[in-house]
2 protein chains.
Amino acid sequence: MAQKKTHCDCLNTVKPVRDALDVISGKWKLPIIISVGVGNDRFTDIQESIPGITPKVLAKELKDLEQHKLLKRIVVGDYPVKIQYTLEPYADTLTPIIYSLKDWGVNHRKVVTER
Amino acid sequence: MAQKKTHCDCLNTVKPVRDALDVISGKWKLPIIISVGVGNDRFTDIQESIPGITPKVLAKELKDLEQHKLLKRIVVGDYPVKIQYTLEPYADTLTPIIYSLKDWGVNHRKVVTER
DNA sequence: TATAGCACTTTCTCAAAGGAAAGTGAAATT
DNA sequence: AATTTCACTTTCCTTTGAGAAAGTGCTATA
């Protein structure tokens, strides 16, 4: 059997995996998804629910998540215009992945810290 | 029902998820795991199998992956000393996660690019 | 004796990410 | 008339990460 192949088709794995990781990794992505999912739908509410996040970063991340179709930015009313953020149903497709990452992470902490 | 809770226990999710992501995200982690998994066990072989990686980065990533118990660095022989890298069986526990990330990523590309 | 190979390390540099702080424009409130 | 709120944007600055290139200490080989 061929040892040391150039693992061509593995690149077909690495690319989509990286796509997926780009969406959920990063310091703020998950906290934002959770915050919106839990009911915070206004910019300032989301900001205040996540200690340490700056408006600049929040604005950028919200745009990102919107582009990835994970949440919607809705303009409500005429004057005063209000903005409302809500999770798209599509965001739920992340749930099983997040929970398997969580389970792995919980176990991993044990693995790494055991002597 | 309580809206806008401070989602306390969600932090218990975010932390281990971040732990897990730290292990597999990054530009080189997965390519290295795959390269070693496929049979490249020498530093230079691994380096040559991954286009663009520099020895500095490879050395750092290998140390990382070793600390996370995903691979082993074995010193072989007396003189000439050879170093051999192999995946730990523990690395297999990542497989289902990687494949679910891949599946999600493949689908996500469709979701984002459809008009 | 000189060169090549192995497994890295060191130094320098640069770009991108991220935080702090202030500003903005419109409307609502006091 | 002045302040506050909302949803951001802008500017400045620092930190971090990564690449390029060269070096290192050892051995093996020609």
Side-chain angles (χ1 to χ4, degrees), chain A residues 3-4 14-15 18-19 21-33 35-36 38-68 70-87, chain B residues 3-4 14 18-19 21-33 35-68 70-87:
Chain A
Q3 282 255 65
K4 285 192 190 181
V14 172
K15 261 198 73 162
R18 182 119 55 227
D19 287 346
L21 288 176
D22 286 345
V23 175
I24 54 170
S25 66
K27 195 170 172 184
W28 305 111
K29 299 267 168 60
L30 245 60
I32 292 169
I33 291 173
S35 176
V36 176
V38 120
N40 295 308
D41 56 357
R42 313 293 306 279
F43 190 91
T44 19
D45 288 346
I46 301 167
Q47 192 188 332
E48 282 163 11
S49 75
I50 302 172
I53 199 167
T54 61
K56 174 183 146 186
V57 172
L58 179 56
K60 194 205 131 242
E61 299 284 353
L62 285 171
K63 273 176 203 156
D64 259 41
L65 293 170
E66 203 194 339
Q67 282 192 348
H68 284 295
L70 292 173
L71 53 81
K72 250 199 165 84
R73 182 186 186 272
I74 310 166
V75 181
V76 180
D78 304 302
Y79 310 97
V81 180
K82 298 272 169 184
I83 310 290
Q84 191 188 2
Y85 291 97
T86 51
L87 285 194
Chain B
Q3 282 255 64
K4 286 191 188 179
V14 172
R18 183 117 56 227
D19 286 347
L21 289 175
D22 285 345
V23 175
I24 56 171
S25 65
K27 194 170 172 185
W28 304 112
K29 299 268 167 61
L30 244 61
I32 293 169
I33 291 173
S35 177
V36 176
V38 120
N40 295 309
D41 56 357
R42 313 294 305 279
F43 190 91
T44 17
D45 288 346
I46 301 167
Q47 193 188 332
E48 283 164 10
S49 75
I50 303 172
I53 200 169
T54 61
K56 173 182 145 187
V57 172
L58 179 56
K60 193 206 131 241
E61 299 283 353
L62 285 172
K63 273 177 203 157
D64 259 38
L65 293 170
E66 203 194 339
Q67 282 190 347
H68 284 295
L70 292 173
L71 51 80
K72 251 201 164 85
R73 182 185 186 271
I74 310 166
V75 181
V76 181
D78 304 301
Y79 310 98
V81 180
K82 299 273 171 185
I83 310 290
Q84 191 188 2
Y85 292 97
T86 52
L87 284 194

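We name chains A, B, ... by the order of the sequence lines, and we start the count at 1 in each one. Worth knowing before you read on, the calculation uses all heavy atoms, side chains too, and leaves out hydrogens, waters and symmetry mates.
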K.L.:
For A:D19, enumerate each residue passing the side chain to side chain donor-acceptor pair (under 3.5 Å) test, keeping only those at least two apart in sequence or located in another chain.
P.N.:
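Testing A:D19 for side chain to side chain donor-acceptor pair (under 3.5 Å), a comparison that skips the adjacent residues, returns B:R109.
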K.L.:
So how far is it from B:E48 CD to B:N40 CG, rounded to the nearest 0.5 Å?
P.N.:
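The distance works out to 9.5 Å.
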K.L.:
Please list each protein N or O that sits under 3.5 Å from an N or O in nucleotides 5-7 of chain D, with the distance.
P.N.:
{"residue": "D:dC6", "atom": "O3'", "partner": "A:R42", "partner atom": "NH2", "Å": "3.0"}
{"residue": "D:dA7", "atom": "OP1", "partner": "A:R42", "partner atom": "NE", "Å": "2.8"}
{"residue": "D:dA7", "atom": "OP1", "partner": "A:R42", "partner atom": "NH2", "Å": "2.5"}
{"residue": "D:dA7", "atom": "OP1", "partner": "A:I83", "partner atom": "O", "Å": "3.4"}
{"residue": "D:dA7", "atom": "OP2", "partner": "A:F43", "partner atom": "N", "Å": "3.4"}
{"residue": "D:dA7", "atom": "OP2", "partner": "A:T44", "partner atom": "OG1", "Å": "3.0"}

K.L.:
Which is true for A:K27 with a 4.0 Å heavy-atom rule: it touches a base, it touches only sugar-phosphate, or it touches nothing?
P.N.:
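Sugar-phosphate contact only - A:K27 comes under 4.0 Å of backbone atoms but never of a base.
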K.L.:
Which residues pass the side chain to side chain contact (heavy atoms under 4.5 Å, CB included) test with B:I53, sequence neighbours left out?
P.N.:
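Listed in chain order: B:W28, B:I32, B:Q47, B:I50, B:V57, B:L58.
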K.L.:
So which atom in B:S25 and which in A:L21 form the shortest heavy-atom distance, rounded to 0.1 Å?
P.N.:
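Between these two residues, the closest heavy atoms are CA-CD1, 3.9 Å.
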K.L.:
Using the C1' atoms of the five pairs at each end, what is the angle between the end axes of the helix from C:dT1-D:dA30 to C:dT30-D:dA1, to 10°?
P.N.:
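End-to-end axis angle for the helix from C:dT1-D:dA30 to C:dT30-D:dA1: 20°, rounded to 10°.
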K.L.:
Taking side chain to side chain contact (heavy atoms under 4.5 Å, CB included) as the definition, give me every residue that meets it alongside B:E66, ordered by chain and number, with sequence neighbours left out.
P.N.:
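Residues passing side chain to side chain contact (heavy atoms under 4.5 Å, CB included) with B:E66: B:L71, B:R73.
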K.L.:
Got A:I83 and A:V75 here, is their nearest side-chain heavy-atom distance under 4.5 Å?
P.N.:
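Heavy-atom side-chain distance check passes, below 4.5 Å.
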K.L.:
For A:K72, enumerate each residue passing the salt bridge (charged side-chain N to carboxylate O under 4.0 Å, His left out) test, keeping only those at least two apart in sequence or located in another chain.
P.N.:
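Salt bridge (charged side-chain N to carboxylate O under 4.0 Å, His left out) list for A:K72, sorted by chain: A:E88.
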K.L.:
B:P80 near the nucleic acid: base, sugar-phosphate alone, or nothing, with a heavy-atom cut-off under 4.0 Å?
P.N.:
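Sugar-phosphate: the residue B:P80, judged by heavy atoms under 4.0 Å, touches backbone atoms but no base.
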K.L.:
Please figure out whether B:K60 or A:I53 has its closest DNA chain C nucleotide nearer the 5' end.
P.N.:
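First, find each residue's nearest nucleotide; the 5'-ward one identifies B:K60.
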K.L.:
For a 4.0 angstrom threshold against heavy atoms of chain B, report the outermost contacting nucleotides of DNA chain C in 5' to 3' order.
P.N.:
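Extent of the interface on DNA chain C: C:dC6 to C:dT11.
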K.L.:
Can you name the side chain to side chain donor-acceptor pair (under 3.5 Å) partners of B:Q84, sequence neighbours left out?
P.N.:
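If we apply the side chain to side chain donor-acceptor pair (under 3.5 Å) test to B:Q84, skipping adjacent residues, the hits are B:D41.
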K.L.:
State the CD1-OH distance between B:I46 and B:Y85, to the nearest 0.5 angstrom.
P.N.:
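OH of B:Y85 is found 6.5 Å from CD1 of B:I46.
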K.L.:
Taking salt bridge (charged side-chain N to carboxylate O under 4.0 Å, His left out) as the cut-off, I'd like each qualifying pair that reaches into residues 51-63 of chain A, sequence neighbours left out, listed once.
P.N.:
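Pairs touching residues 51-63 of chain A that pass the test: A:K29-A:E61.
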